[in-house]
A.B. asks: 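Take this structure first; my questions come after.
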Amino acid sequence: MIKLVTDSTSYIPQEYIEKYDISIISLSVILNGKSTRELEIDTESFYNEMQNAQEMPTSSQPAPEEVFKTFERIIQNGDSALGIFLSSDMSGTFSGAHITRDLLLEKYPHAQIELLDSRTNCMQMGYAVIEAAHAASLYKSMDDIIKSAMHVITHSTFLFIPDTLTYLKKGGRIGTAASLLGNLLQIKPILTVQNGMTTIFTKVRTKKKAIDTMVDKFLQDINGADLGGVIVHHINCPEEGALLANNIKEKVHIDVTIQCIGPVIGLHVGPGCVGIAYYTK
């Protein structure tokens with residue numbers, strides 16, 4: 001059997017983790033001098049504390065020991081492993097996994113461990129993991145499972161709208177002047193992930209127009225296509241997430257899952273952000 005491993009920034013709903021026995025390796029967040037594994041953090045409490053923190057929180061890649069033990073457990077069970085991790089341009093997680101794989105292959109020379117750089121994060125990556133896990137449940141070959149994941153990666157989109165530019169400024173992603181002017185004029189950038197990095201899809205005035213523009217882009221992309229899945233992401237604003245999900249349901253008449261983005265990704269964008277991740281088959 002081929003088992004899937006990914007990291008905590010995939011934010012995969014628990015039902016899929018349990019259904020496909022997906023292993024999640026946790027990144028960590030450092031806030032007020034304290035490091036905590038993302039999987040052990042209460043997101044609402046974290047974001048409330050972050051808003052009052054004097055220093056910008058930071059994140060760190062998974063502990064090498066956790067990565068080693070996760071893959072080793074799969075190998076010792078007689079299975080093979082495919083690890084799909086967040087973009088190597090955003091974190092050293094993928095690079096660290098390569099080091100761990102080399103160590104494991106020295107100890108278990110006949111083990112099969114493959115690694116894939118998702119070039120993204122959140123459920124744009126999560127959908128790739130889920131599709132790969134589904135293929136694995138059908139006992140497909142490693143090559144076919146990787147092809148399933150790659151199809152999602154190349155046929156998916158992640159769009160999200162920060163509520164404020166303050167956290168992007170704190171993280172050094174935009175300048176102070178741009179942040180002040182943007183907040184003053186209510187300029188809302190719609191962000192996306194391209195070539196492994198966060199980039200601007202477009203800029204509009206007001207959050208309402210940004211949400212309308214994002215939904216319109218989604219509808220254009222799925223027009224005439226077979227929708228594989230869509231999920232609404234939010235950062236500590238479940239009410240806004242629910243409104244966005246209902247907006248999409250009214251237009252395409254499908255169930256829309258809502259999932260909160262955790263601290264590792266959320267600290268860069270800040271509370272109040274909403275977005276959507278989706279892919280076509």
Side-chain angles (χ1 to χ4, degrees), residues 1-27 39 61-158 193 195-196 225-229 231 277-281:
M1 190 79 177
I2 297 171
K3 295 292 187 177
L4 269 294
V5 180
T6 189
D7 64 71
S8 57
T9 70
S10 59
Y11 307 122
I12 297 173
Q14 189 63 30
E15 62 184 286
Y16 293 105
I17 294 172
E18 294 176 359
K19 180 178 180 179
Y20 294 119
D21 190 26
I22 299 168
S23 297
I24 310 293
I25 294 169
S26 187
L27 281 81
L39 293 177
Q61 64 192 63
E65 183 181 9
E66 180 175 348
V67 181
F68 188 95
K69 287 184 175 179
T70 299
F71 279 102
E72 185 177 46
R73 184 173 63 249
I74 293 170
I75 294 164
Q76 288 178 340
N77 198 42
D79 295 319
S80 299
L82 171 60
I84 303 177
F85 299 106
L86 81 160
S87 173
S88 59
D89 286 321
M90 298 177 177
S91 167
T93 302
F94 180 68
S95 175
H98 269 277
I99 296 171
T100 300
R101 181 181 66 173
D102 292 342
L103 293 172
L104 282 163
L105 290 177
E106 288 181 9
K107 188 174 180 180
Y108 305 96
H110 300 296
Q112 184 182 29
I113 305 170
E114 299 296 335
L115 302 174
L116 188 61
D117 183 350
S118 74
R119 308 299 292 146
T120 185
N121 58 38
C122 296
M123 270 298 286
Q124 186 176 21
M125 172 171 72
Y127 277 131
V129 175
I130 291 168
E131 279 294 323
H134 175 67
S137 74
L138 300 176
Y139 296 96
K140 292 191 176 183
S141 68
M142 181 67 82
D143 285 346
D144 286 342
I145 292 169
I146 291 174
K147 285 178 184 177
S148 295
M150 287 303 303
H151 176 86
V152 175
I153 291 169
T154 56
H155 292 78
S156 60
T157 301
F158 180 28
V193 180
N195 300 319
D226 184 8
L227 178 64
I231 192 167
Y278 56 93
Y279 74 102
T280 55
K281 292 184 176 178

A.B. asks: My understanding is that only residues two or more places apart in sequence, or in another chain, count here; which of them pass salt bridge (Lys or Arg N to Asp or Glu O under 4.0 Å) with Lys69?
C.D. replies: Glu65

A.B. asks: Is Ser10 reaching over with its side chain to a backbone N or O of Cys122, donor-acceptor style, under 3.5 angstrom?
C.D. replies: no

A.B. asks: For Glu15, enumerate each residue passing the salt bridge (Lys or Arg N to Asp or Glu O under 4.0 Å) test, keeping only those at least two apart in sequence or located in another chain.
C.D. replies: none

A.B. asks: Compare all side-chain heavy atoms of Ile17 with those of Gln14 and state whether any distance is below 4.5 angstrom.
C.D. replies: yes

A.B. asks: Going by heavy atoms in the side chains, are Tyr16 and Val129 under 4.5 Å from each other?
C.D. replies: no

A.B. asks: Please check: side-chain N/O of Ser26 versus main-chain N/O of Ser8, any donor-acceptor pairing under 3.5 Å?
C.D. replies: no

A.B. asks: Ile12 and Tyr20: side-chain contact (heavy atoms from CB on, under 4.5 Å), yes or no, with the steps?
C.D. replies: CA-CA 11 Å; Ile12 297 173; Tyr20 294 119; over 6 Å; no

A.B. asks: Donor-acceptor pair, Thr6 side chain versus Ile84 backbone, under 3.5 Å?
C.D. replies: yes

A.B. asks: Quick check against the 3.5 Å criterion: does Thr154 have a side-chain atom that pairs as donor or acceptor with the backbone of His151?
C.D. replies: yes

A.B. asks: Taking C-beta and beyond as the side chain, do Arg119 and Val193 meet within less than 4.5 Å on heavy atoms?
C.D. replies: no

A.B. asks: Could you give the distance from CG (Leu104) to CZ (Phe68), rounded to the nearest 0.5 Å?
C.D. replies: 4.5 Å

A.B. asks: Just how far is it from atom CD1 of Ile2 to atom CE of Met142, taken to the nearest 0.5 Å?
C.D. replies: 4.0 Å

A.B. asks: Within the 4.5 Å heavy-atom criterion, are Ile153 and Tyr127 side-chain neighbours or not?
C.D. replies: no

A.B. asks: CE/Met125 to OG/Ser156 distance, rounded to the nearest 0.5 angstrom?
C.D. replies: 11.5 Å

A.B. asks: Run the side-chain contact (heavy atoms from CB on, under 4.5 Å) test on Glu72 and Lys107 for me, step by step, so that the C-alpha distance in whole Å, both residues' side-chain angles and the decisive distance to 0.1 Å come before the verdict.
C.D. replies: CA-CA 10 Å; Glu72 185 177 46; Lys107 188 174 180 180; 2.8 Å; yes

A.B. asks: So do the side chains of Pro64 and Ile99 get within less than 4.5 Å of each other, counting heavy atoms only?
C.D. replies: no

A.B. asks: Any side-chain to backbone donor/acceptor pair from Asp79 onto Lys3? Under 3.5 Å, distance only.
C.D. replies: no

A.B. asks: Looking at CE of Met90 and CG of Leu27, how far apart are the two atoms once the value is rounded to the nearest 0.5 Å?
C.D. replies: 12.5 Å

A.B. asks: Surrounding CG of Asp226 (heavy atoms of other residues, nucleotides or ligands, distance under 6.0 Å), is the total greater than 12?
C.D. replies: yes

A.B. asks: Check whether any side-chain heavy atom of Arg101 sits under 4.5 Å from a side-chain heavy atom of Glu114, and report yes or no.
C.D. replies: yes

A.B. asks: Is there a side-chain contact between Asp7 and Gln61 in this structure, where contact means two heavy atoms from C-beta onward sitting under 4.5 Å apart?
C.D. replies: no

A.B. asks: State which residues pass salt bridge (Lys or Arg N to Asp or Glu O under 4.0 Å) with Asp144; sequence neighbours excluded, sorted by chain then number.
C.D. replies: none

A.B. asks: Test Ser148 against Glu131 for side chain to side chain donor-acceptor pair (under 3.5 Å), laying out the working first.
C.D. replies: CA-CA 6 Å; Ser148 295; Glu131 279 294 323; 5.6 Å; no

A.B. asks: Are Ser95 and His98 side-chain neighbours, meaning at least one heavy-atom pair lies under 4.5 Å?
C.D. replies: no

A.B. asks: Looking at every heavy atom in both Ile145 and Ala132, which two are closest together, and how far apart are they?
C.D. replies: CG2-O, 3.5 Å

